[in-house]
Amino acid sequence: MAGKFELYKDKSGEFRFRLKAGNGEVIATSSESYTTKAAAQNGIDSVKRNAGDANVDDQTD
């Protein structure tokens, strides 16, 4: 099963999103809340555009 983004309202009534793996485990969350649903959707779209080609910056050395 494919992963999915969930768009939801937090306790303060603002919008957030989380990315869930196919098994239902949360693997990423928005680091900020958004005042509009459209802005939260833009955040999801940004993750979709940028994550696939992102490099790994290994800072463990």
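- Taking CZ of Arg49 as the start and CD1 of Ile44 as the end, the distance is 12.0 Å to the nearest 0.5 Å.
- Classified by interplanar angle (parallel below 30°, tilted 30° to 60°, perpendicular above 60°), the ring pair Phe5/Phe17 is perpendicular.
- Considering CG of Asp10 and CD of Glu32, their distance stands at 11.5 Å, rounded to 0.5 Å.
- A donor atom on one side chain and an acceptor atom on the other are not found under 3.5 Å apart for Asp61 and Gln59.
- The OG1 atom of Thr29 sits 9.0 Å away from the CZ atom of Arg18 when rounded to the nearest 0.5 Å.
- Follow the hydrophobic side-chain contacts under 4.5 Å out from Ile27 and you reach Val47 in the same cluster.
- Remark: Arg16 is not positioned above the aromatic ring of Tyr34, lacking an NZ or CZ atom under 6.0 angstrom from the ring centre and at most 45 degrees off the axis.
- Side chains of Gln41 and Phe15 form no contact here, defined as non-hydrogen atoms less than 4.5 Å apart.
- Summarising the geometry, atom NZ belonging to Lys11 is positioned 13.5 Å from atom OG belonging to Ser33; distances are rounded to the nearest 0.5 Å.
- Side-chain heavy atoms closer than 4.5 Å link hydrophobic residues (I, L, V, M, F, W, Y) into clusters, and following such links, even through other members, never connects Leu7 to Val26.
- Residue Asp58 places its CG atom among more than 12 non-hydrogen atoms of other residues, nucleotides or ligands, all under 6.0 Å distant.
- Contacts of Lys4 classified as salt bridge (charged side-chain N to carboxylate O under 4.0 Å, His left out), with partners at least two apart in sequence or in another chain: Glu6.
- Applying the salt bridge (charged side-chain N to carboxylate O under 4.0 Å, His left out) rule to Asp45 yields no partners; only residues at least two apart in sequence or on another chain are considered.
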